[in-house]
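Have a look at the structure below, then the notes.
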Amino acid sequence: MNNHSNSTKEGTIFYVPVATGFAVGVIARSGNQGTCLGYFFGPLVQVKNLSVSYVKALRFDNAIYTAIFSADKLKKGLWTTWGIHPNWQRCEWPIPVFSHQDVVNKKHFLRFYDDALNFVKQQERLDVPLADLPKDGYAYSGFVELRLAHLLGEKTTEPDPYASLPESAADDPPQHYLYFHDEELAKYAGEEVRKLGFDPAVILSVGSGSQWLLLARHPENRLVAEEQMEQEAEQLEKMAEELGGEYDGWDKPS
């Protein structure tokens with residue numbers, strides 16, 4: 001099945017290219033903003049012709065990786081779909097409870113999402129989180145590929161903080177990078193940069209100690225002079241410092 005417009009439907013089975021083969025993914029939920037909840041499986045398969053018996057044997061509790069991720073490569077057809085799970089039942093593929101650790105006070109939290117992948121609530125956990133709870137955060141497709149390669153023993157390094165950013169800089173608008181230790185603080189800063197005319201995006205920077213990355217993006221893919229970016233950088237750096245965050249530079253398409 002290669003109908004890209006229908007590639008994020010619940011129950012869709014798809015292939016993730018990983019070095020020498022393909023990992024298999026299952027979409028358990030499709031969110032409102034281009035996100036999906038995915039369960040991912042190994043070992044790698046070599047060809048894109050899974051048998052029905054193979055698909056029917058997949059279970060959420062056998063997944064090697066679970067994440068809320070960007071569906072951009074599915075929509076573009078870069079991750080090929082197999083079809084809809086023949087015995088798809090939403091109740092058999094539940095939304096997991098995610099774990100989160102505050103980088104400042106080191107407290108552990110459980111985080112909950114609804115069927116549209118909207119954040120519902122978090123509650124503090126007094127004991128150490130179970131190791132098998134997936135970590136909360138939003139993973140770009142490039143990070144998913146790197147993470148699966150690492151889990152499946154392919155020759156790769158553990159994904160770095162920037163692996164969770166969009167892969168093709170040429171497709172990105174001019175943007176600034178600001179880091180905050182707290183999600184709510186990052187979202188507050190996002191509203192502040194929106195007032196300055198930017199299009200903000202808040203992302204959990206997976207692999208960087210659970211810091212929250214605020215992208216202050218120009219609304220359109222348009223030419224912006226370096227002098228303007230540097231002036232904006234001074235303003236955003238001051239704002240980040242006032243809010244207890246850190247400004248980490250800018251980039252723009254060449």
Side-chain angles (χ1 to χ4, degrees), residues 1-96 98 113-118 132 134-156 158-159 163-168 171 203-204 206-207:
M1 180 179 74
N2 290 299
N3 181 2
H4 306 332
S5 64
N6 201 33
S7 59
T8 59
K9 185 177 180 179
E10 285 186 17
T12 297
I13 311 294
F14 60 98
Y15 302 91
V16 180
V18 178
T20 60
F22 303 92
V24 176
V26 178
I27 295 179
R29 300 293 188 279
S30 185
N32 296 323
Q33 298 181 338
T35 60
C36 291
L37 169 63
Y39 287 94
F40 299 89
F41 300 86
L44 296 179
V45 297
Q46 300 303 313
V47 291
K48 301 177 183 179
N49 60 349
L50 299 179
S51 66
V52 173
S53 60
Y54 176 97
V55 172
K56 287 183 177 181
L58 296 175
R59 291 175 48 86
F60 80 93
D61 50 0
N62 289 331
I64 61 170
Y65 179 53
T66 305
I68 296 175
F69 69 97
S70 167
D72 59 333
K73 288 195 174 184
L74 276 169
K75 292 181 177 180
K76 294 176 181 178
L78 299 176
W79 287 359
T80 307
T81 56
W82 174 88
I84 300 296
H85 193 296
N87 293 335
W88 175 251
Q89 295 288 334
R90 173 186 271 193
C91 61
E92 295 181 359
W93 296 83
I95 301 176
F98 291 87
Y113 290 81
D114 63 18
D115 285 324
L117 302 183
N118 297 310
D132 57 354
K135 291 184 179 180
D136 188 42
Y138 173 78
Y140 276 94
S141 51
F143 177 86
V144 172
E145 294 173 350
L146 289 170
R147 181 63 176 153
L148 288 171
H150 178 79
L151 291 171
L152 292 168
E154 296 298 309
K155 292 183 178 180
T156 181
E158 182 71 23
S164 61
L165 299 178
E167 292 180 287
S168 176
D171 294 334
I203 303 164
L204 178 61
V206 183

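Values reported hereafter were calculated over all heavy atoms of this structure, with side chains retained and with hydrogens, waters and symmetry mates removed. For reference, positions follow the sequence shown, starting with 1.
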**Report entry** Least distance between heavy atoms, Gln46 atom then Thr20 atom
**Finding:** OE1-O, 2.8 Å
Report summary line: By side chain to side chain contact (heavy atoms under 4.5 Å, CB included), Val45 pairs with (sequence neighbours left out) Tyr15, Phe22, Val24, Leu50, Tyr54
Query raised in the report: Side-chain contact, heavy-atom cut-off 4.5 Å: Phe98 with Ile68?
Result: yes
Query - Ring geometry between Trp93 and Trp88 (parallel below 30°, tilted from 30 to 60°, perpendicular above 60°) - result: parallel
Query raised in the report: Given side chains that start at C-beta, do those of Tyr39 and Pro134 come closer than 4.5 Å, heavy atoms only?
Result: no
**Report entry** Close side-chain approach of Arg90 and Asp115, heavy atoms under 4.5 Å
**Finding:** yes
Query raised in the report: What are the two closest non-hydrogen atoms of Leu37 and Pro94, and how far apart are they?
Result: CD2-O, 4.3 Å
Query raised in the report: Can any side-chain N or O of Ser30 pair as donor or acceptor with the backbone N or O of Thr8 at less than 3.5 Å?
Result: yes
Query raised in the report: Mind checking whether Phe69 and Cys36 have side chains closer than 4.5 Å, heavy atoms only?
Result: yes
Query - Side-chain donor or acceptor of Thr12 paired with backbone N/O of Ile27 under 3.5 Å - result: no
Query raised in the report: Which heavy atom of Val52 sits nearest a heavy atom of Pro86, and at what distance?
Result: CG1-CG, 4.0 Å
Query raised in the report: So how far is it from Phe60 CZ to Thr66 OG1, rounded to the nearest 0.5 Å?
Result: 9.0 Å
Query raised in the report: Atom CG of Leu151 and atom CG of Leu146: how far apart are they, to the nearest 0.5 Å?
Result: 11.0 Å
Query - Value rounded to 0.5 Å, distance of CG in Leu117 from CZ in Arg29 - result: 8.0 Å
Report task. Measure up the Phe14 and Trp79 rings against each other and bin them: parallel (under 30°), tilted (30 to 60°), perpendicular (over 60°). Result -> parallel
Report summary line: Sorted by chain and residue number, the salt bridge (Lys or Arg N to Asp or Glu O under 4.0 Å) partners of Asp114 (sequence neighbours excluded) come out as none
Query raised in the report: Can you check whether Val55 reaches His85 side chain to side chain, under 4.5 Å on heavy atoms?
Result: yes
Query - Euclidean distance, Lys73 NZ relative to Ser7 OG, rounded to 0.5 Å - result: 14.0 Å
Report summary line: Here the pair of heavy atoms bringing Gly21 nearest to Leu44 is N-CD1, 4.0 Å
Query - Partners passing salt bridge (Lys or Arg N to Asp or Glu O under 4.0 Å) against Arg59 (at least two apart in sequence or in another chain) - result: Asp61
Query raised in the report: Do you know which of Ile64, Leu152, Asn62, Leu148 makes side-chain contact (heavy atoms from CB on, under 4.5 Å) with Phe41?
Result: Asn62
